[in-house]
Amino acid sequence: MSPFPFTRPDPQPAPQAETLAAAEAFIRQFAHENPRSGDPDSRIRAIRTAVESSGTYEHTPEELAFGARVAWRNSARCIGRLYWNNLLVRDLRHLEHPDDIAAQCFEHLRLATNGGRIRPVISVFAPDRPGRPATRLLGEQLVRYADDPRSAEQVSLARGLGWKGGSEPFEVLPLVVHASPDTAPEFYELPEDTVLEVPLRHPHHPGFAGLGLRWYAVPAVSDMTLEIGGISYPSAPFNGWYMGTEIGSRNLADLDRYDLLPTIARLFDLDTTSERSLWRDRSLVELNLAVLHSYQEDGVTIADHHTESARFLTHIEREGRNGRSVPADWSWIVPPLSGSATAVFHRYYDPPDLLLRPAFLRRDTAWSTARSGVKGEPPSCQRSAS
Ligand code: ARG
């Protein structure tokens with residue numbers, strides 16, 4: 001029996017007509033937004049020839065960079081899209097071997113960390129080809145902790161592959177790379193110089209540091225497929241910088257994550273016998289304060305939710321001036337702390353269009369989405385911490 005639950009039949013190639021239609025729409029959009037890029041009709045003809053003979057085609061580096069940036073611009077759940085056009089795009093499409101991919105994921109983290117001045121970066125590895133799905137990264141982010149309940153599956157996967165770690169608090173999981181459905185995934189320990197971390201302390205409570213809490217600097221999402229013009233890039237990890245509430249209100253506070261509100265309440269001597277003492281709310285504020293304070297003091301880029309909310313409204317205005325609407329998911333945009341004290345709470349947004357492309361699409365399992373398997377976000381009533 002194969003120990004790896006990822007062996008599925010090879011995905012069917014998307015029908016050529018689908019690839020061609022998606023390619024043409026993308027090339028027209030690219031030409032429209034990049035008026036000096038040349039004649040879209042001749043580029044579309046060349047793509048048609050390539051698709052008819054090989055079932056696929058190759059993006060130019062310019063098309064790839066534009067596609068990745070627009071995929072960010074189209075991400076309805078992201079409040080941080082004001083800087084979409086500054087995404088640093090690393091064109092690593094020639095890499096398929098797990099060793100090379102792991103090495104470049106580590107280089108990604110170094111570039112993104114940038115000594116604490118976090119830079120938004122995406123590394124794009126080889127795309128899926130007809131009948132030949134590309135190498136995948138297993139795991140939802142490049143950096144994750146083994147004792148985070150959200151990592152349970154990843155921990156057993158790594159252990160099954162021979163990883164021995166995971167007994168200490170906040171231990172970083174290895175990167176797991178899977179080259180094909182017929183081979184075993186491989187794991188790679190993250191070199192120490194790739195993971196900048198921030199020990200958490202509180203600006204007014206000296207006892208807080210004694211809790212031994214920490215978080216990492218770079219949230220690098222690695223379980224989404226970048227889809228551009230009918231081509232799927234399943235290994236395309238990307239990062240921005242953190243907004244404090246992601247760590248302080250969700251990762252460290254959610255009941256099914258680190259569940260630390262009771263611990264914080266005890267530290268601050270809050271009355272937990274009555275909900276009406278608002279001990280949960282007050283603990284959330286102290287935890288969020290500690291996160292922002294610690295990152296700031298260590299010179300690691302982090303945004304607060306008030307500033308990021310104002311920036312998002314600036315983004316909507318700027319996009320409007322360029323004749324574009326901004327699809328947004330209210331339940332993801334409104335921060336999980338003091339929502340109504342931020343301006344993003346007090347309005348509605350254009351509904352996310354599942355067909356909007358280029359896009360980052362969620363991959364639920366390693367191989368299920370190769371080629372045309374992903375049609376957009378599955379409907380879900382529960383938000384998760386991404
Ligand atoms: N919410 C996820 C986390 O807490 C990170 C998702 C991406 N966040 C970002 N600021 N770019 O790890």
Side-chain angles (χ1 to χ4, degrees), residues 68-69 71-84 86-88 108-109 111-114 116-123 137 139-151 154 170 172-173 175 190 195-198 200 213-224 226 236-260 284 287-288 290-292 294-295 300-309 311-312 315 328-329 331-337 342 344 359-363 377 380 382-386:
R69 290 174 182 144
W72 182 9
R73 190 176 83 194
N74 287 340
S75 297
R77 294 172 165 185
C78 177
I79 193 175
R81 286 178 272 167
L82 179 61
Y83 304 111
W84 66 270
N86 295 340
L87 179 66
L88 172 64
H108 176 133
L109 285 171
L111 282 168
T113 304
N114 189 29
R117 286 197 50 163
I118 310 297
R119 281 187 290 218
V121 176
I122 184 168
S123 298
L137 300 166
E140 52 176 8
Q141 291 188 21
L142 298 184
V143 183
R144 271 309 207 195
Y145 292 127
D147 61 341
D148 184 341
R150 203 178 160 87
S151 301
Q154 193 68 10
F170 298 106
V172 174
L173 278 164
L175 185 70
L190 276 67
V195 187
L196 179 61
E197 293 180 283
V198 178
L200 301 182
L213 306 179
R214 54 203 295 121
W215 204 257
Y216 51 86
V218 176
V221 174
S222 51
D223 64 350
M224 295 185 91
L226 168 62
F238 61 87
N239 75 278
W241 51 76
Y242 263 118
M243 180 162 87
T245 55
E246 298 181 86
I247 305 165
S249 292
R250 306 296 312 283
N251 301 347
L252 296 178
D254 275 2
L255 293 178
D256 58 355
R257 302 292 298 287
Y258 282 82
D259 189 19
L260 285 167
L284 272 172
L287 192 47
N288 275 278
V291 168
L292 291 172
S294 310
Y295 275 64
V300 177
T301 310
I302 194 159
D304 68 82
H305 47 296
H306 303 286
T307 304
E308 210 60 50
S309 160
R311 278 184 193 151
F312 186 62
H315 171 62
D329 181 338
S331 75
W332 278 69
I333 296 297
V334 171
L337 183 71
T342 66
V344 291
F360 290 109
L361 303 171
R362 181 119 352 241
R363 252 190 311 126
E377 296 282 355
S380 97
Q382 195 151 19
R383 49 182 283 169
S384 62
S386 287

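Note that this is a predicted model, so its numbers are computed, not measured. Atoms within each ligand, like the ligands themselves, are counted from 1 in listed order. In this chain, numbering begins with 1 at the start of the sequence shown.
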Please identify which atoms of ligand 1 are closer than 4.0 Å to at least one heavy atom of [X].
| X | answer |
| --- | --- |
| Asn251 | 3 (C), 4 (O), 12 (O) |
| Trp241 | 9 (C), 10 (N), 11 (N) |
| Tyr242 | 3 (C), 4 (O), 10 (N), 12 (O) |
| Tyr216 | 12 (O) |

Backbone or side-chain N or O of Gln141 under 3.5 Å from ligand 1 N or O: yes
Any Arg144 heavy atom less than 4.0 Å from ligand 1: yes
Residue-ligand contact Trp215/ligand 1, heavy atom below 4.0 Å: no
Aromatic ring proximity, centroids under 6.0 angstrom, Tyr145 and Tyr216: yes
Test of ring centre spacing under 6.0 Å for Tyr295 and Trp241: no
Short N-O contact, Asp148 and Arg257, less than 4.0 angstrom: yes
Side chain to side chain contact (heavy atoms under 4.5 Å, CB included) partner of Leu260, chosen from Leu213, Leu284, Asp254: Leu213
Minimum non-hydrogen distance to atom 11 (N) of ligand 1, winning option of Ala303, Pro120, Gly240: Gly240
Option with minimal heavy-atom separation from atom 8 (N) of ligand 1, where the choices are Arg77, Glu308, Arg257, Glu246: Glu246
Donor + acceptor pair across side chains of Thr245, Asn288 (<3.5 Å): no
Trp72, portion touching ligand 1 at heavy-atom distance under 4.0 Å: neither
Non-neighbouring partners of Asp304 that pass salt bridge (Lys or Arg N to Asp or Glu O under 4.0 Å), sequence neighbours left out: none
With Ala290 via side chain to side chain contact (heavy atoms under 4.5 Å, CB included) - residues at least two apart: His202, Phe208
